[in-house]
Amino acid sequence: STAYFGYKKRQQHIWPRKFKECGGKMQSPIALSTSKSIALSLPALEMIGFHDVLPHPITLTNNGHSVALNVVKNSTHHRLPYIFGAILNENQQYELEGLHFHWGNKNNRGSEHVLNDMRYSMEMHIIHRNIAYSNMADASAHEDGLVVLGIFFQVQESDNEMINPILKHLPSIQWINTEVILNTSVILNSFIPKNTETYYTYRGSLTTPPCSETITWVIFSTPVSISFKQMTRFRMLSNGEDKLGDNYRKLQNIGKRKVYVRNV
Ligand code: 1SD
Ligand code: ZN
């Protein structure tokens, strides 16, 4: 795994010293805005298997910089969910690798991307690997290697029951480098907005070291809801020395890049 990196301002500032690509020109996250994006009539993002129960075992890990759900690969009985379409090259399929979260210790922060000046309380990333590459290391080395779907969470009054299959396991992974095997059914569709028609898409990077510039980002404009009480479950986790939280990277320059928006 990756060497230590921290999220405090002075720590983020020095990521590029150890990880050169973190100082690159195609970094993520960025500020998205409707007016500065190019509206295109892109194809929909096709999401196959998002209604299916994910094959077990599924693990949930506190890795000190996030909570990550990981699925097993090479299961002969199930094909993992996969995506294609949008601005992705034709005939290329991207298979689920896992998902994780970035959140704030307060409701007014936490998301990595910002949409029309709004920073949400949390952002979920669903990572997909181009099936042309056999593992993450290989995919991270190719510009068409990975697609990450970004989903915003907005704090509202009532609980979002759909995310409880993950939330109920958080108390078991309070400490850094702990892991739990999920005994619940996990269905990706439970975690994404009903409306996936409108999305922003651009070429960027991993938001954590080594910041590889091999990500096609697809960020849905419709947020998902979560209650304050549910957010506190995330905020009770520890990263070893502190509360795990405020684990979002500062905004990066868009530079010469183009950001596209579908169906606004
Ligand atoms: O932060 C994650 C990191 O934990 C790892 O999952 C990496 C590659 O899968 O992706 C980044 S991120 O860019 O999805 N935030
Ligand atoms: Zn992430």
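Start at 1 and go down the list; that is how both ligands and their atoms are numbered.
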Once you restrict to heavy atoms under 4.0 Å, what part of Met136 touches ligand 1? Side chain, backbone, both or neither.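 Only the side chain of Met136 comes within reach of ligand 1.
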Mind checking whether Leu206 contacts ligand 1 via backbone (N, CA, C, O), side chain (CB onward), both or neither, at a 4.0 Å heavy-atom cut-off?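 The answer is both, backbone and side chain.
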Would you mind telling me which of Phe152, Tyr120, Phe153, Phe234 makes a ring-ring contact (aromatic ring centres under 6.0 Å, His included) with Trp103?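 Answer after filtering Phe152, Tyr120, Phe153, Phe234: Phe234.
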Within-shell test, Glu97 vs ligand 1, heavy atom, strictly < 4.0 Å: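 So Glu97 does not count as touching ligand 1.
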Determine whether any heavy atom of Arg249 lies closer than 4.0 Å to an atom of ligand 1.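 No, Arg249 has no heavy atom closer than 4.0 Å to ligand 1.
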Heavy-atom contacts with [X] under 4.0 Å: which atoms of ligand 1 show up? List them by number with element.
| X | result |
| --- | --- |
| His65 | 4 (O) |
| His102 | 15 (N) |
| His125 | 14 (O), 15 (N) |

Within the 4.5 Å heavy-atom criterion, are His125 and His102 side-chain neighbours or not?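 Yes; the side chains approach each other to less than 4.5 Å.
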Is the shortest side-chain heavy-atom distance between Ile126 and Phe191 below 4.5 Å?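 No, their side chains stay 4.5 Å or more apart.
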Within 6.0 Å of CD in Glu143, more than 12 heavy atoms from elsewhere: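 12 or below, so no.
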More than 12 heavy atoms of other residues, nucleotides or ligands under 6.0 Å from CG of Asp117: yes or no?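 Atom CG in Asp117 is not crowded, with 12 or fewer foreign heavy atoms closer than 6.0 Å.
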Between Thr198 (side chain) and Ser221 (backbone), is there a donor-acceptor pair under 3.5 Å?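 Side chain of Thr198 to backbone of Ser221: no pair is present.
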Which of the N/O/S atoms in His125 sits closest to the Zn ion (ligand 2)?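 For His125, the N, O or S atom at the smallest distance from the Zn ion (ligand 2) is ND1.
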Could you label the plane-to-plane angle of the Tyr202 and His113 rings as parallel, tilted or perpendicular, counting under 30° as parallel and over 60° as perpendicular?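 Answer is perpendicular, since the angle exceeds 60°.
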To which protein heavy atom is [atom] closest, and what is the distance rounded to 0.1 Å?
| atom | answer |
| --- | --- |
| atom 6 (O) of ligand 1 | Ile127 CD1, 3.3 Å |
| atom 13 (O) of ligand 1 | Thr207 N, 2.8 Å |
| atom 11 (C) of ligand 1 | Thr208 OG1, 3.4 Å |
| atom 14 (O) of ligand 1 | His100 CE1, 3.1 Å |

Just distances here: any N/O of [X] and N/O of ligand 1 closer than 3.5 Å?
| X | answer |
| --- | --- |
| Trp217 | no |
| Asn63 | no |
| Ser205 | no |

Taking all atoms of both residues into account, what is the closest heavy-atom pair of Pro57 and Ile181, and its distance?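 Of all heavy-atom pairs spanning Pro57 and Ile181, the closest is CB-CG2, 4.2 Å.
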May I ask you to say whether Arg129 pairs ionically with Glu95, meaning some side-chain N is under 4.0 Å from a carboxylate O?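 Salt bridge present between Arg129 and Glu95.
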Among Lys106, Lys9, Arg109, Lys8, which residue satisfies the salt bridge (Lys or Arg N to Asp or Glu O under 4.0 Å) criterion with Asp246?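 For Asp246, the salt bridge (Lys or Arg N to Asp or Glu O under 4.0 Å) check succeeds only for Arg109.
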